[in-house]
S.K.: 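Following this message is one structure expressed as structure tokens.
Read the numbers this way: they start at 1 and go in the same order the structure lists the ligands and their atoms. Start at 1 with the first residue, then count along the sequence.
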Amino acid sequence: MTVTTTPIQGLLIIQPRIWPDDRGYFYESYKKNVLAEAGIVADFVQDNQSFSEKGALRGLHAQAQPFAQGKLVRVIKGKVWDVAVDVRKNSPTYGQHFGIELSGENHTQFWIPPGFVHGFVTLEDDTIFSYKCTNYYDKSSELGVLWNDPALDLPWPIEGLDIKVSPKDQVHPTLADFNSPF
Ligand SMILES: Cc1cn([C@H]2C[C@H](O)[C@@H](COP(=O)(O)OP(=O)(O)O[C@H]3O[C@H](C)C(=O)[C@H](O)[C@H]3O)O2)c(=O)[nH]c1=O
């Protein structure tokens with residue numbers, strides 16, 4: 001399992017070692033000590049899983065303190081373009097994003113600490129998105145930024161996709177109107 005940095009401090013990419021053989025493959029999908037060596041010293045308390053058809057777009061979400069969540073995300077089956085936007089008020093990369101393709105084929109994982117809004121668009125049908133959270137879900141703490149905020153201009157790979165966005169995700173504030181608690 002290797003952990004690499006991104007241009008945005010705190011966001012990390014985790015690449016597990018795959019052990020293929022004539023039966024299929026095996027890999028260690030989570031290892032606390034390896035992540036701790038990379039600075040991910042987190043106590044994960046909740047695992048989530050979502051199933052999405054091609055075109056489903058979820059985000060951009062976060063939870064306010066004291067329920068802010070770090071998320072270790074991966075795709076078990078299918079493919080997404082995953083994105084995190086820095087909303088840490090004093091960060092030199094405030095408002096900047098990092099996006100990455102996660103798939104059942106590449107087994108890549110993405111660590112998103114508290115202080116980011118997170119989302120993804122689904123690029124294949126029957127996609128299973130699975131992630132570990134460092135805090136519990138708290139509906140009253142939910143925050144969001146508009147996925148297609150013109151000022152953010154996120155490079156969503158959605159050409160030719162029939163986008164499906166929940167009613168909740170259609171009415172989040174733009175980043176300019178977002179009052180970040182981070
Ligand atoms: C997140 C969550 C949701 N729910 C219930 C509440 C809703 O009735 C239902 C669907 O929730 P939502 O539409 O918020 O699901 P997503 O759009 O996939 O939201 C997630 O997607 C983006 C990409 C994220 O990063 C967050 O983890 C999370 O906000 O599941 C729960 O019971 N527990 C939970 O932890």
S.K.: Testing the basics here: between A84 and I112, what is the closest heavy-atom pair and its distance to 0.1 Å?
M.R.: CB-CG2, 4.0 Å

S.K.: For the aromatic rings, using the six-membered ring if either is Trp, is the centroid distance between H107 and Y25 under 6.0 Å?
M.R.: yes

S.K.: Sort out for me which residue in V45, L72, N48 forms a side-chain contact (heavy atoms from CB on, under 4.5 Å) with C133.
M.R.: N48

S.K.: Where is the tightest heavy-atom contact between Y94 and S180, given as atom of each residue plus distance?
M.R.: OH-CB, 4.4 Å

S.K.: With a 4.5 Å heavy-atom cut-off, do V117 and H172 have their side chains touching?
M.R.: no

S.K.: Students should find this: residues with any non-hydrogen atom under 4.0 Å from ligand 1. What is the answer?
M.R.: Q46, N48, R58, H61, K71, H118, F120, Y131, Y137, E142, K168

S.K.: Return the orientation label for the F120 and F129 ring planes: parallel under 30°, perpendicular over 60°, tilted otherwise.
M.R.: parallel

